[in-house]
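Worksheet: one structure, shown below.
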Amino acid sequence: MDVVTVGPEEIRSAVSMSAAIDAVRTGFLALRRGEFEMPTRTALRDGAFLVMSTHHRPTTSAMIKTLSLNFTDRVPAIVGTVVWSELGHGRHLVADAAEVTRIRTGAIVGVATDLLAPAKAKTCTLIGAGGQAPDQVRAVHAVRSLTELRVVDHSLDRAGTLAKALGAELGIDTAVALADADEAVRDVDIVCCATTSTTPLFSATSLTENAHVNAIGAFRPTMRELPDELLAEATVVIDERKAILEEAGEIIHALGTGAITEDDLVELGDALAEGVANRAGRTVFKSVGVAMQDWAIASLLAQTFLDRVK
């Protein structure tokens with residue numbers, strides 16, 4: 001058995017954000033067609049350890065990701081491995097899961113933003129300046145050329161550092177840090193939430209009437225980034241229904257209060273294939289992450305690195 005190990009720098013150099021967005025978009029359409037065997041992820045110690053797996057039937061390939069998460073007192077907060085294998089040969093790829101997770105989480109935001117955000121959107125607020133945050137902006141910028149970025153974080157210094165770095169990297173004209181989330185989301189086209197908050201980050205009334213909001217931070221029932229009021233009046237697109245109903249705190253809360261019903265939720269694969277019916281006003285994309293996204297990035301890595309091993 002040949003095992004190829006791929007580290008963060010190799011992953012980043014091998015997978016562009018545009019390629020990642022294309023791969024994840026294609027993957028969600030394949031998921032809709034039933035090409036994947038994908039159990040709901042296993043969460044241990046209330047989400048401190050996660051195991052995600054999927055099998056793509058047409059290519060007889062499989063991906064298993066294991067993660068440990070500690071957002072309180074560890075840097076990096078997310079560590080783990082992604083393992084790729086195929087039935088057709090004995091070569092395996094083992095990749096850094098933190099880097100794959102950052103890229104695939106950014107990529108799904110790029111897919112959703114391209115589908116749902118106003119075509120002329122050019123301003124974005126990012127709430128949260130942790131490890132997942134930079135790729136949210138990279139992905140949005142890949143599908144909507146940004147001219148203004150606002151970054152909000154409990155540490156204004158960290159927000160300022162990230163804003164400056166992303167502004168320089170992506171050529172964004174204005175990139176600033178703000179302390180108040182409600183102030184930061186006013187008058188912007190796109191909002192990206194990447195936090196571990198247990199309470200809504202801003203008021204729905206602070207958003208513009210056509211704002212698009214991405215929320216990727218809350219991945220346990222006890223977490224919430226979005227208010228019920230926003231979910232009640234927006235078009236809400238989700239990554240995968242079963243995972244969302246089990247893990248997405250803001251969706252679970254809104255269902256519990258009666259602000260929304262399950263019929264209000266549109267899976268991303270359906271939205272990509274069929275469009276979003278009766279879409280008007282604000283849009284929301286909520287993701288807790290599914291194994292197919294990791295498979296999509298791992299497939300790109302396998303094409304690059306396993307082809308070298310014959």
Side-chain angles (χ1 to χ4, degrees), residues 8-9 11-12 16-17 20 69-79 98-99 101-110 112-113 117-118 121-208 211-219 223-227 230 284-285 287:
E9 292 183 2
I11 294 169
R12 186 64 62 170
S16 68
M17 184 52 73
L69 300 90
N70 182 345
F71 294 100
T72 304
D73 53 14
R74 188 181 72 188
V75 178
I78 299 175
V79 297
E99 198 69 15
T101 300
R102 282 189 282 267
I103 293 172
R104 64 83 140 155
T105 306
I108 194 173
V109 162
T113 300
K122 59 179 62 176
T123 57
C124 177
T125 292
L126 170 67
I127 305 178
Q132 300 298 312
D135 282 307
Q136 305 299 296
V137 178
R138 292 180 182 122
V140 169
H141 189 64
V143 299
R144 297 290 188 273
S145 184
L146 296 175
T147 61
E148 181 181 353
L149 172 66
R150 304 172 187 175
V151 181
V152 180
D153 192 77
H154 59 80
S155 168
L156 194 58
D157 287 343
R158 186 164 77 158
T161 298
L162 181 57
K164 182 178 180 181
L166 288 171
E169 175 189 334
L170 302 175
I172 300 173
D173 296 336
T174 302
V176 298
L178 294 174
D180 183 80
D182 280 291
E183 177 187 354
V185 302
R186 288 191 180 97
D187 303 320
V188 299
D189 303 313
I190 300 165
V191 177
C192 293
C193 305
T195 76
T196 57
S197 180
T198 58
T199 57
L201 299 171
F202 52 82
S203 169
T205 59
S206 298
L207 296 167
T208 63
H212 170 64
V213 179
N214 299 301
I216 60 92
F219 63 94
M223 296 176 173
R224 288 176 69 201
E225 293 186 304
L226 306 180
L230 172 60
V284 167
F285 175 63
S287 173

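Quick note: numbers below take in every heavy atom, side chains included, and nothing from hydrogens, waters or symmetry partners. Nothing fancy with the numbering, it's 1 onward along the sequence.
- In this structure, the side-chain contact (heavy atoms from CB on, under 4.5 Å) partners of Thr208, at least two apart in sequence or on a different chain, are Ala211.
- Residues satisfying the side-chain contact (heavy atoms from CB on, under 4.5 Å) criterion with Arg186, sequence neighbours excluded, are Asp182, Glu183, Ser206.
- A heavy-atom distance below 4.5 Å is found between the side chains of Val140 and Leu146.
- Scanning for side-chain contact (heavy atoms from CB on, under 4.5 Å) contacts around Ala218 gives Met223, Glu225, Glu250, Lys286, with sequence neighbours left out.
- Counting heavy atoms from C-beta outward, Arg74 and Val79 have side chains that approach closer than 4.5 Å.
- Judged by distance alone, the side chain of His212 and the main-chain N or O of Ile190 form no donor-acceptor pair under 3.5 Å.
- Under the 3.5 Å distance criterion, the side-chain polar atoms of Asp135 are left unmatched by any main-chain donor or acceptor of Arg138.
- Using modelled atom types and a 3.5 Å distance limit, the side chains of Asp173 and Thr147 yield no donor-acceptor pair.
- Taking 4.5 Å as the limit, some side-chain heavy atom of Cys192 sits within range of a side-chain heavy atom of Val109.
- Screening Leu226, Ile216, Val284, Asn214 for a side-chain contact (heavy atoms from CB on, under 4.5 Å) involving Cys193 leaves a single residue, Leu226.
- In this structure, the separation between CG on Leu178 and CG on Leu126 is 11.5 Å, given to the nearest 0.5 Å.
- Between Val213 and Phe202, the closest side-chain pair of non-hydrogen atoms falls below 4.5 Å.
- For the pair Thr174 and Leu149, the minimum side-chain heavy-atom distance is 4.5 Å or more.
- Take Asp153 and apply the salt bridge (Lys or Arg N to Asp or Glu O under 4.0 Å) test, not counting sequence neighbours, and it matches Arg158.
- Taking the charged nitrogens against the carboxylate oxygens, Arg102 and Glu99 do have a contact shorter than 4.0 Å, which makes a salt bridge.
- A salt bridge (Lys or Arg N to Asp or Glu O under 4.0 Å) check over residues 140-149, counting only residues at least two apart or in different chains, returns the pairs Asp114-Arg144, Glu148-Arg150.
- With Thr195 contributing its side chain and Gly128 its backbone, the two residues share no donor-acceptor pair below 3.5 Å.
- Under the rule for a side-chain contact (heavy atoms from CB on, under 4.5 Å), Thr161 has no partner lying at least two apart in sequence or in another chain.
- Using a 4.5 Å heavy-atom threshold, the side chains of Val191 and Leu207 count as touching.
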